[in-house]
There are 4 protein chains.
Amino acid sequence: MIDPGPLERPKDPPWRQIADRLRDAIAKGAYPSGAKLPSEKTLCETYGVARMTARRALENLRDDGVIESRPGIGWFVREG
Amino acid sequence: MIDPGPLERPKDPPWRQIADRLRDAIAKGAYPSGAKLPSEKTLCETYGVARMTARRALENLRDDGVIESRPGIGWFVREG
Amino acid sequence: MIDPGPLERPKDPPWRQIADRLRDAIAKGAYPSGAKLPSEKTLCETYGVARMTARRALENLRDDGVIESRPGIGWFVREG
Amino acid sequence: MIDPGPLERPKDPPWRQIADRLRDAIAKGAYPSGAKLPSEKTLCETYGVARMTARRALENLRDDGVIESRPGIGWFVREG
DNA sequence: GTGGTCTAGACCACC
DNA sequence: GTGGTCTAGACCACG
């Protein structure tokens with residue numbers, strides 16, 4: 001008979017995993033209010049993903065009001 | 001700092017996991033030459049996937065020449 | 001002397017122009033509550049853009065609560 | 001229905017528009033061989049762009065062999 | 001060297 | 001044939 005055991009289910013997509021780690025780091029105070037986050041390029045290299053994937057993670061936090069972008073400078077934890 | 005550990009990478013997609021289990025079962029003699037495999041519907045229920053996903057697994061084995069479909073009847077391990 | 005006249009300024013990016021046209025069409029009743037919007041592929045062909053550009057437009061409307069996606073089916077004007 | 005008309009496509013980028021105007025002015029004799037061009041700062045103010053944008057226009061003409069920079073002094077139409 | 005946008009493909013799961 | 005995700009580049013404006 002075939003093995004009827006449960007399949008390995010797909011994990012959260014990479015962009016969500018990255019978003020979750022950033023959220024954790026911010027929640028734990030690693031990036032206080034006003035702090036600059038790692039650049040998109042750094043995130044790409046850290047996690048081995050394409051830039052659009054890193055950006056999705058950052059945009060997800062932005063949509064939650066947690067961070068904001070300052071074009072030409074970087075991404076920052078929103079102040080108060 | 002953010003956790004720089006590796007992301008959880010996607011496992012094999014469900015259709016491939018199912019195909020692999022079917023291949024194993026056939027190789028182990030659970031479905032000898034000419035035997036009828038579980039129906040697409042049964043595979044769907046066993047693994048909790050959509051029908052197209054079960055189909056893709058079966059088509060994968062067919063493309064490898066391991067099984068064949070007899071429309072309206074089912075999928076069978078190829079003879080000879 | 002050089003011409004000191006004003007430069008031609010960049011227009012809204014394509015994704016925003018597409019989003020604005022969709023918003024207009026919905027506001028004018030071309031897509032009533034519950035209606036299915038053109039597929040991403042259709043938007044690509046209509047406007048000559050890459051799929052990610054068409055998607056950005058749709059995601060912008062989704063973030064505004066105007067439409068929602070039903071994976072495997074399409075994008076729909078939100079009911080109620 | 002949505003408006004299927006063509007999108008407004010991006011014009012030439014500002015740095016190219018400025019480069020083109022400089023080229024025109026030189027071709028028309030407004031800046032003869034050896035003449036000093038407007039400073040980067042002046043170009044910024046004239047056109048309302050950032051300094052790197054004005055610089056890129058000048059570097060474009062330099063790469064074409066039309067002008068040259070004398071660091072600390074300015075940009076000049078190349079002689080001979 | 002930063003974010004903002006875009007291209008032109010790809011594979012996946014589901015209908 | 002639909003949306004969801006990803007790749008691996010690209011050009012731009014700005015600091």
Side-chain angles (χ1 to χ4, degrees), chain A residues 7 9-18 36-45 47-60 62 67-76, chain B residues 7 9-18 44 47-57 60, chain C residues 7 9-18 36-45 47-60 62 67-76, chain D residues 7 9-18 44 47-57 60:
Chain A
L7 302 180
R9 285 303 177 171
K11 306 296 183 180
D12 274 352
W15 70 262
R16 182 173 296 283
Q17 295 182 49
I18 296 172
K36 183 180 178 303
L37 296 173
S39 73
E40 296 180 358
K41 183 165 177 295
T42 300
L43 289 174
C44 294
E45 292 164 351
Y47 293 119
V49 295
R51 187 171 161 214
M52 289 309 297
T53 305
R55 262 186 81 74
R56 284 195 87 107
L58 291 162
E59 288 171 346
N60 181 252
R62 179 201 57 198
I67 64 177
E68 63 191 358
S69 74
R70 299 187 200 151
I73 311 181
W75 290 86
F76 295 81
Chain B
L7 300 179
R9 287 306 181 166
K11 308 296 183 177
D12 273 352
W15 68 264
R16 181 174 300 281
Q17 296 181 49
I18 296 173
C44 294
Y47 293 118
V49 296
R51 181 152 174 209
M52 288 309 297
T53 305
R55 242 189 112 65
R56 191 175 294 199
N60 181 252
Chain C
L7 302 179
R9 287 304 178 169
K11 306 297 182 177
D12 273 352
W15 69 262
R16 183 172 295 283
Q17 296 181 48
I18 295 172
K36 185 179 178 300
L37 295 174
S39 73
E40 297 179 357
K41 185 167 175 295
T42 300
L43 289 174
C44 294
E45 293 164 351
Y47 293 119
V49 297
R51 187 171 162 213
M52 291 307 298
T53 305
R55 262 187 81 73
R56 283 196 87 107
L58 291 163
E59 287 171 345
N60 180 253
R62 179 199 58 199
I67 64 177
E68 64 191 358
S69 74
R70 298 186 201 153
I73 311 184
W75 291 87
F76 295 81
Chain D
L7 301 179
R9 287 303 180 168
K11 308 297 184 179
D12 274 352
W15 68 264
R16 181 174 298 281
Q17 296 181 48
I18 296 173
C44 295
Y47 293 117
V49 296
R51 179 147 176 216
M52 288 309 299
T53 304
R55 244 190 110 66
R56 189 174 295 198
N60 180 253

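Sequence lines set the chain letters: A, B, ... in the order given, protein chains first and strands last, and positions in each chain run from 1. Just the heavy atoms: all of them, side chains too, but no hydrogens, waters or symmetry mates, feed the values below.
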Open item on the list: Tell me the bend of the helix from E:dG1-F:dC14 to E:dC14-F:dG1 as the angle between end helix axes, each from five pairs, rounded to the nearest 10 degrees.
Closed with: 0°
With a cut-off of 3.5 Å and sequence neighbours excluded, list every side-chain donor-acceptor pair involving residues 48-59 of chain C.
from	atom 1	to	atom 2	distance (Å)
C:R51	NE	C:E40	OE1	2.7
C:R51	NH2	C:E40	OE1	3.0
C:R55	NH1	C:E40	OE2	2.7
C:R55	NH2	C:E59	OE2	3.0

Quickly work out the [X] [atom1] to [N] [atom2] distance and round it to whole Å.
X: A:E59; N: E:dT5; atom1: CD; atom2: C1'; answer: 10 Å
X: A:R55; N: F:dC6; atom1: CZ; atom2: C1'; answer: 15 Å
X: C:L58; N: F:dT5; atom1: CG; atom2: P; answer: 14 Å
X: A:E45; N: F:dT7; atom1: CD; atom2: P; answer: 14 Å
X: A:K41; N: E:dG3; atom1: NZ; atom2: C1'; answer: 14 Å
X: A:N60; N: F:dG4; atom1: CG; atom2: P; answer: 14 Å
X: C:F76; N: F:dG3; atom1: CZ; atom2: C1'; answer: 11 Å
X: C:L43; N: E:dC6; atom1: CG; atom2: C1'; answer: 16 Å

TODO: Using side-chain hydrogen bond (donor to acceptor under 3.5 Å, both in side chains) as the criterion, list what pairs up with C:S39, not counting sequence neighbours.
DONE: C:T42
Open item on the list: Please enumerate all residues that pass side-chain hydrogen bond (donor to acceptor under 3.5 Å, both in side chains) together with C:E45, with sequence neighbours excluded.
Closed with: C:K41
- [ ] Look at the side-chain N and O atoms of A:S69 and state whether any lies under 4.0 Å from the OP1 or OP2 oxygen of E:dG4.
- [x] yes
Task: Under-4.0 Å side-chain N/O to phosphate OP1/OP2 contact, C:S39 with F:dT2 - done: yes
Open item on the list: Does the protein touch nucleotides 9-15 of chain F at the base, only the backbone, or not at all? Give it as B, S and - per nucleotide, heavy atoms under 4.0 Å.
Closed with: -B-SBBB
- [ ] Output the distance between atom CH2 (C:W75) and atom NZ (C:K36), rounded to the nearest 0.5 Å.
- [x] 11.5 Å
Open item on the list: Rounded at 0.5 Å granularity, tell me how far SG in B:C44 sits from CD1 in B:I18.
Closed with: 8.0 Å
- [ ] Kindly write out the residues that satisfy salt bridge (charged side-chain N to carboxylate O under 4.0 Å, His left out) with C:R62, not counting sequence neighbours, or none if the list is empty.
- [x] none
Open item on the list: How close do A:S69 and A:P71 get, counting heavy atoms only, and between which atoms?
Closed with: O-CD, 3.6 Å
Open item on the list: If you compare all heavy atoms of A:Q17 against all heavy atoms of A:D12, which two are closest, and at what distance to 0.1 Å?
Closed with: NE2-O, 2.7 Å
